[in-house]
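These notes concern the structure reproduced below.
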Amino acid sequence: MSAARLVWLPPLAISAVLVLYPLALVLATPLAAPGGFAVLGSSLFLGALVRTVWIALCSTAGCLVLGFTLAVLIGFVPFRGAALAARLVDSIIALPTFLVALAFTFVYGAAGLLNGTLLALSEAGPHALPPVDFLYSQWGVVLAEVTVYTPFVLRPLLAAFAQLEPAQIEIAGSLGARPWRIVRRIVLPAALPALLAGGSLCLLLTVNEFGIVFFIGAKGVITLPLLVYDKAIQEFDYPAACAIAGVNLALSLALFATYRALLRIGTRGSGGRG
Amino acid sequence: MLLWSAAARSTAWTVLGLLLLLVYGVPLGLILLASLTGQWNGVLPSHMTLSHLAGTLRAEPAAQLRASVLTGLAASLAALAFGTWAALALRRVRGGARRWLELVFFLPSALPSISVGLGLLVAFSRPPLLLNGTVWIVLAAHFVMVSAFAYGMVAAGLAQLPAELEQIAESLGAGPLYRLRRITLPLLAPQLLAAFSLGFALSMGELGATVMVYPPSWVTLPVGIFGLSDRGAVFDAAALTVLLAAGTVAVLAGAARLQRLAGGK
Amino acid sequence: MTRPADAAGASYAGGIAMTGVTVRYRGTVALDAFCLEVAAGSIMALIGPSGCGKTTALRAVAGFVRPDAGRIAIAGRDVTGLPPAARDIGMVVQSYALFPHMSVVENVAFGLRARGQPGPAVRARVAECLALVGMDGFADRLPRQLSGGQQQRVAIARALAIRPQVLLLDEPLSALDAPIRRAMLDELAALHRDLPGLTVLYVTHDQGEALTLASRIAILCGGRKLAEGPSQALYRRPPNRFAAEFLGQANLLEVAVEGRVLGGMATVRLGDTRLKVPDADIAGARALLCLRPHDITLADASAACSAACNLLPAELRMVHWQGERHLLELCVAGQTLRVSLPPLRMPPAPGTSLALRFAPDDATLLPHEPG
């Protein structure tokens, strides 16, 4: 009987060795090294922190707008193949994030489709069109993250819309409400829990994102994960890497707690099983 | 139905189509195109070739593919076993202890992959466990990165199983292991399959934790792709990425199909 | 349909005894010092409104709920601390809980296989049980290919396969449509005729099912037993207001007790009318007179009151036609009275004064309690 009570111990032991112990070491390493936290005062770190948060906020805002627009169009203006479209966008979640970053170099890169087109137009037309190099700024990262993480907003939104009684919208329409008013007064309130949960998840994932920033490799665009990589792998400065990672972890865990709290509110709002 | 007039609906569909095309269609289409490109100096490639795709069969990418597949299989199977065990075990735990354990099992999904890699690197470059430089540290990193998803999917599946099924089985005289083998696990099969295939897909694309810990003897496909892209061999990188994405989608679609077949419909 | 008698019918020989069983869920008392005796081979129905504790009582017998106090015995054996599998019970729940990934045969065989019985014995017993519930033609179907009523029968066969002493039925018919429910009720009664030794504890919120099937009924409310008795007696002579109203329609009229007469009768006054009714042990001068709507008839206004019946003047308020019956709503000494009659050719008009008649024996005196 007592052995059956302790059946949760083996997975906890595995988590302790592979997750908790390494995390504790990350937090403890800068404590042990003299001046281990000095890097946290550097402009390099502070710049990366501000940029990480800014990129995450912009990307999340983009995901919310694009996700909500797609969800309303897919969910409420039904067409054949809507389910397929939703599934395709959904399968982006399982693909590596750097795929989009790599793809963007062929669209917006120096020799990509967009700049190739601009160059051709400049040569043909009277005006010289300057090349677009936003891919190698933080906006390139933001656009790639919006592309990759929108499905995390779209998925819960479509689920929330599926629960919405269609009669509500039909009755609102029959009472003379314009589509925009219906979206604002009926669809948006119903979507709010999903938007909050999806948005906080996006914030968490974009703060943690590494592959996109790494692949685009823009010179000035250094985020916290990239800085951790540079310190540890390029400079072998583990105390500094651990100190930065500690800040990154604190940020992630705070966002994770927010996400879990919002998720609980969302499920409570839609009414659990009695 | 939000829009009743045919004109408004057509406009909405056009907007949707353009959005999907611009955001997803163009990038995905161009990476596919790039994998077939011989030379790209103008607006579009000037000639096409299969040599990049054929190049994925060369020794180096093939070894990377093998490393990725083996890592993915091992990590997702281990994560599946871990997640199933954890989810089943947590059913017997109540109250505050349960919330803390759930948090621990979900925690890796909230961690930056780079920090997971850094933690493993720091922890296993010193006694008592020296794993740095071995395949094992890569496996550990991938296991950590997919374990929370496996746990989450199995736990969600368990929560949907009616408690009555197991209670009835118990009243009929089935012991805990017999119930697990004959009732719980067969009914969980769809979630187990989904957890395994998603874990495999995520592991195949894992980059952040891997770049922190991989030894030169065990280069995974994403790390190899980054190396190519960094050297400017973008068409070869595109070809390998297309191969990786196609393989991932094939595994996921295969699992979904198997699930539908097992569903009997 | 002929049913093969169960070869092992003799092994069903255990009653249930619950003594002082208390169950608490997070502070609220679901079952409060509950006592119940179910005789071996009888059908006992537990009824009551939702949340009354009837399902908790059944789950305590099954072993899925651990009582905080009290003891439970099956066939004279204390099972309070035993796991469900060691209690000799079969259980059927509202959702049937058939194992969705197993065929009908595998479902019914499950308990026997889990107990490690040899293959040939399992096959024989499964065939026997499927024949018992008339499902022998559906052996290889999956649960989702069966109708609700068929799933119900498989669930019963699965519960019976392990030859339990006691069959526990938790709202087994409430997921079925009304016509199928009536047919299944008949089949359950027939099943019990085939297995006369089987003790059945039947939980339902439907008094009709309880009255049709059970030999005894216990009525629960708020975790306590408010009434218990043989079905007919409980219906005809409810001991209190709650039992009277829960087991079918009842008129409850406030009356004054005037005196007792010989032969176990009492005289009560309702307005200006004196009525003779069976005496009951009631403290105080006020009481409730319980009259079922269909035990009252219309009398000729001129009829004299004989010793064998009570006459009651009343004013007609409303007439409802219900197809098979007429329901009359009347006013008697300021109180409302409903009478259910076979269809009337010429229903009287509202406002008419009528005389009602009922046999003293059809009335019951209850302790006075406000509604």
Side-chain angles (χ1 to χ4, degrees), chain A residues 5 7-8 10-12 14-15 18-19 21-23 25-26 29 66 69-70 73-74 76-79 85 89 91 94-96 98-100 102-107 111 113 116-117 120 147 169 173 179 182 204 208 210-211 214-215 225 228-229 232-233 238 241-242 245 248-249 252-253 256, chain B residues 1-4 9 12-13 15-16 19-20 23-24 26-28 30-31 34 40 42-44 82 85-86 89-90 92-93 101 104-105 107-108 110-115 118-123 140 143-144 198 201-202 205 207-208 211-212 222 226 229 234 237-238 241 244-245 248-249 252:
Chain A
R5 290 262 161 80
V7 69
W8 48 270
L12 181 62
I14 292 175
S15 290
L18 292 181
V19 181
Y21 166 62
L23 281 188
L25 277 184
V26 166
T29 300
L66 180 61
T69 311
L70 290 180
L73 289 175
I74 293 177
F76 293 118
V77 192
F79 60 97
V89 175
S91 66
L95 292 179
F98 63 77
L99 181 143
V100 169
L102 189 61
F104 270 21
T105 62
F106 301 112
V107 188
L113 177 72
T117 310
T147 306
I169 294 196
I182 297 177
L204 171 69
N208 291 348
F210 173 74
F214 195 52
F215 257 74
V228 172
Y229 172 80
I233 302 300
Y238 287 111
C242 286
N248 196 353
L249 281 170
S252 308
L253 292 181
F256 183 56
Chain B
M1 177 99 37
L2 199 54
L3 303 171
W4 292 99
R9 277 212 299 273
W13 288 332
V15 170
L16 178 64
L19 268 180
L20 288 177
V23 178
Y24 296 106
V26 170
L28 292 181
L30 281 195
I31 199 169
W40 192 335
V43 178
L44 286 172
F82 166 87
W85 186 310
L90 269 202
R92 295 166 162 269
V93 184
L101 285 169
V104 168
F105 297 145
L107 189 62
L111 301 177
S113 54
I114 283 288
S115 300
L118 179 67
L120 292 170
L121 195 60
V122 173
F143 168 82
V144 171
L198 182 67
L202 290 176
L207 179 65
V211 292
M212 297 296 284
F226 177 76
S229 157
V234 284
T241 306
L244 175 62
T248 307
V249 169
L252 286 174

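So you know, we letter chains A, B, ... as the sequences are listed, proteins then strands, and number each from 1.
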Bottom line for B:Val122: the part with an atom under 4.5 Å from chain A's heavy atoms is both

Counting heavy-atom pairs under 4.5 Å with chain B, the top scorer among A:Thr29, A:Ile74, A:Leu23 is A:Leu23

Turns out that what part of B:Leu16 lies under 4.5 Å from chain A's heavy atoms comes down to both

Can any side-chain N or O of B:Tyr24 pair as donor or acceptor with the backbone N or O of A:Thr147 at less than 3.5 Å? yes

Looking only at B:Val104, B:Leu244, B:Leu202, B:Leu101, the option with the highest number of non-hydrogen pairs under 4.5 Å against chain A is B:Leu101

Checked A:Leu95, A:Thr105, A:Val100 vs chain B; the most non-hydrogen pairs under 4.5 Å come from A:Leu95

So, the part of A:Phe104 with a heavy atom under 4.5 Å from chain B: the answer is side chain

If one checks every heavy atom of A:Val107 against chain B at 4.5 Å, the contacting part turns out to be both

When the 4.5 angstrom heavy-atom criterion is applied to B:Leu19 and chain A, the contacting part is side chain

On a heavy-atom basis, the closest approach of A:Ala94 and B:Thr248 is O-CG2, 3.9 Å

Smallest heavy-atom separation, B:Gly205 atom then A:Phe98 atom, equals O-CE2, 3.8 Å

One should read off an interatomic distance between A:Cys242 SG and B:Leu118 CG, to the nearest 0.5 angstrom, of 4.5 Å

Is the A:Phe214 to B:Phe226 ring centre distance short of 6.0 Å? yes

Of the listed B:Ala12, B:Ala238, B:Ala237, B:Ala123, the one with the largest count of heavy-atom pairs under 4.5 Å with chain A is B:Ala123

Turns out that what part of B:Val93 lies under 4.5 Å from chain A's heavy atoms comes down to side chain

Residue from B:Val26, B:Val15, B:Leu111 scoring the most non-hydrogen pairs under 4.5 Å with chain A is B:Leu111

Scanning both residues in full, the closest heavy-atom pair of B:Ile114 with A:Pro225 reads CG2-O, 3.6 Å

Taking every heavy atom of B:Ser115 against every heavy atom of A:Ala245, the minimum-distance pair comes out as OG-CB, 3.8 Å

With a sphere of 6.0 Å drawn around CH2 of B:Trp85, does it hold more than 12 non-hydrogen atoms of other residues, nucleotides or ligands? no

Rounded to the nearest 0.5 Å, the CG atom of B:Leu107 sits from the CZ atom of A:Phe256 at a distance of 6.5 Å

Whatever's closer than 4.5 Å to a heavy atom in chain A on B:Leu120 counts as both

One option among A:Thr69, A:Ile233, A:Val228, A:Val26 has the most heavy-atom pairs under 4.5 Å with chain B, and it is A:Ile233

Bottom line for A:Leu12: the part with an atom under 4.5 Å from chain B's heavy atoms is both

Looking only at B:Val211, B:Leu30, B:Leu207, most heavy-atom pairs under 4.5 Å shared with chain A are made by B:Leu30

The interface call for A:Phe106 against chain B, heavy-atom contacts under 4.5 Å, is both

Of all heavy-atom pairs linking A:Leu18 and B:Ala140, the shortest is CD2-CB, 4.1 Å

Could you tell me if the side chain of B:Leu252 sits less than 4.5 Å from the side chain of A:Ser91, heavy atoms only?
no

From the list A:Ala232, A:Ala241, A:Ala103, the residue making the most non-hydrogen contacts under 4.5 Å with chain B is A:Ala103

Assert top hit (heavy-atom pairs under 4.5 Å, partner chain B, pool A:Leu66, A:Leu253, A:Leu25) equals A:Leu25

From the list A:Pro10, A:Pro96, A:Pro11, the residue making the most non-hydrogen contacts under 4.5 Å with chain B is A:Pro11

query: Do A:Asn208 side-chain atoms and B:Ala110 backbone N/O form a donor-acceptor pair below 3.5 Å?
result: yes

Turns out that what part of A:Tyr229 lies under 4.5 Å from chain B's heavy atoms comes down to both

When the 4.5 angstrom heavy-atom criterion is applied to A:Leu204 and chain B, the contacting part is side chain

Closest non-hydrogen contact found for B:Pro112 with A:Leu249 is CD-CD2, 3.7 Å

Rounding to 0.5 Å, atoms CG (A:Leu73) and CG (B:Leu20) come to a distance of 8.5 Å

